[in-house]
Amino acid sequence: MKLSIVLSTQQAKFSAVAFKGDLETNVAKIAAWGYDGVELAIRDPKLIDVAEIQAVLDKHGLTVPAIGTGQAWGEEGLSFPDPDPAVRAAAIQRVKNHVPVAAQFDAVIIIGLLRGIVRPGVSQAQALAWVVEALQACSRAAAPHGVRLALEPINRYETTLINNVADGLDLIARVGADNFGLLLDTFHMNIEDASIEESIRAAGDRIFHFHVADSNRWYPGAGHIDFRSVLDALFETGYDGFVSGEFMPEPDADTAAQEAIAYLRSIMRQT
Ligand code: LER
Ligand code: MN
């Protein structure tokens with residue numbers, strides 16, 4: 001399995017993004033440590049120069065397995081179940097704007113916190129219906145470009161919608177699109193899923209992307225998740241995508257990234 005790490009294309013508040021700031025410096029370091037790719041967190045594709053990023057990545061031999069979109073929620077408040085129809089439409093449009101960029105990088109589009117939370121005055125059922133509608137529209141727009149969307153079950157302290165893998169699989173059934181699947185994150189599964197390995201087996205070929213952080217959201221190896229068993233379960237599903245590091249920059253970003261790759265390479269089965 002290939003390894004990547006999350007890299008933000010602009011400054012952001014989200015604290016588990018280890019690398020923010022100068023792109024080329026970070027890409028050079030990440031490549032030198034042995035990573036195969038970088039997962040790009042992009043708030044708005046209009047704000048980035050795709051050709052320039054592609055040139056930097058090509059120079060250092062890295063690919064982009066996935067594009068994170070959550071900064072549009074964190075910095076701008078866009079989300080699918082917002083009671084304001086203009087905000088819902090803007091959230092859908094933002095995902096559609098990511099499609100050409102994702103096609104160029106051959107990357108999955110991540111739907112994390114863009115799926116939002118249930119706002120006061122909105123029922124859970126209504127919020128979910130808006131999420132399903134939005135995901136159907138986005139999946140339909142992405143399909144002709146060969147782009148896939150991956151929704152990430154996120155723990156209850158960050159959202160009230162789709163907290164575990166079972167919720168994610170129910171949503172897949174409701175959305176009904178072949179290019180719509182899941183991003184599993186060990187940090188969230190450790191909080192919400194009875195068995196991380198069982199959830200991985202249940203999600204099977206609907207796993208489109210995979211995040212690793214340990215139980216304390218530090219780099220893998222710094223907490224108590226059994227990554228050997230988790231990665232074996234992932235391997236057994238036939239998953240051939242990236243395992244992507246999304247953890248706190250603790251004790252500092254460079255140390256965390258190097259500890260993560262050393263540990264993961266030492267326990268991963270080789271394909
Ligand atoms: C993003 O991938 C994630 O895991 C969430 O916790 C974002 O808040
Ligand atoms: Mn994640």
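First listed ligand is number 1; within each ligand, the first listed atom is number 1. If you read the sequence from its start, that first residue is 1, and numbering goes on from there.
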Between [X] and [Y], does any side-chain donor sit less than 3.5 Å from a side-chain acceptor?
X      : Y      : result
Asn97  : Gln93  : yes
Gln124 : Thr160 : no
His209 : Glu39  : yes
Asp252 : Thr255 : yes

Which is closest to atom 8 (O) of ligand 1 by heavy-atom distance: Glu158, Glu246, His211, Glu39? Glu158
Hey, which N, O or S atom on [X] ends up closest to the Mn ion (ligand 2)?
X      : answer
Glu152 : OE2
His211 : ND1
Asp185 : OD2
Glu246 : OE1

Tyr239 vs Phe210 aromatic rings, parallel, tilted or perpendicular, using cut-offs 30° and 60°? tilted
Is any NZ, NE, NH1 or NH2 atom of the basic residue among Arg94 and Glu75 found under 4.0 Å from an Asp or Glu carboxylate oxygen of the other? no
Counting heavy atoms under 4.0 Å, the part of Leu183 that contacts ligand 1 is neither
Which part of Arg217 is near ligand 1, with near meaning a heavy atom under 4.0 Å away: side chain, backbone, both or neither? side chain
Residue [X] vicinity, atoms of ligand 1 by number, heavy atom under 4.0 Å:
X      : result
Leu113 : 7 (C), 8 (O)
Glu152 : 1 (C), 2 (O), 3 (C), 4 (O)
Asp185 : 4 (O)

Compute both the distance and the angle, then confirm whether Arg217 meets the cation-pi test with Phe247: under 6.0 Å from the six-membered ring centre, within 45 degrees of the axis. no
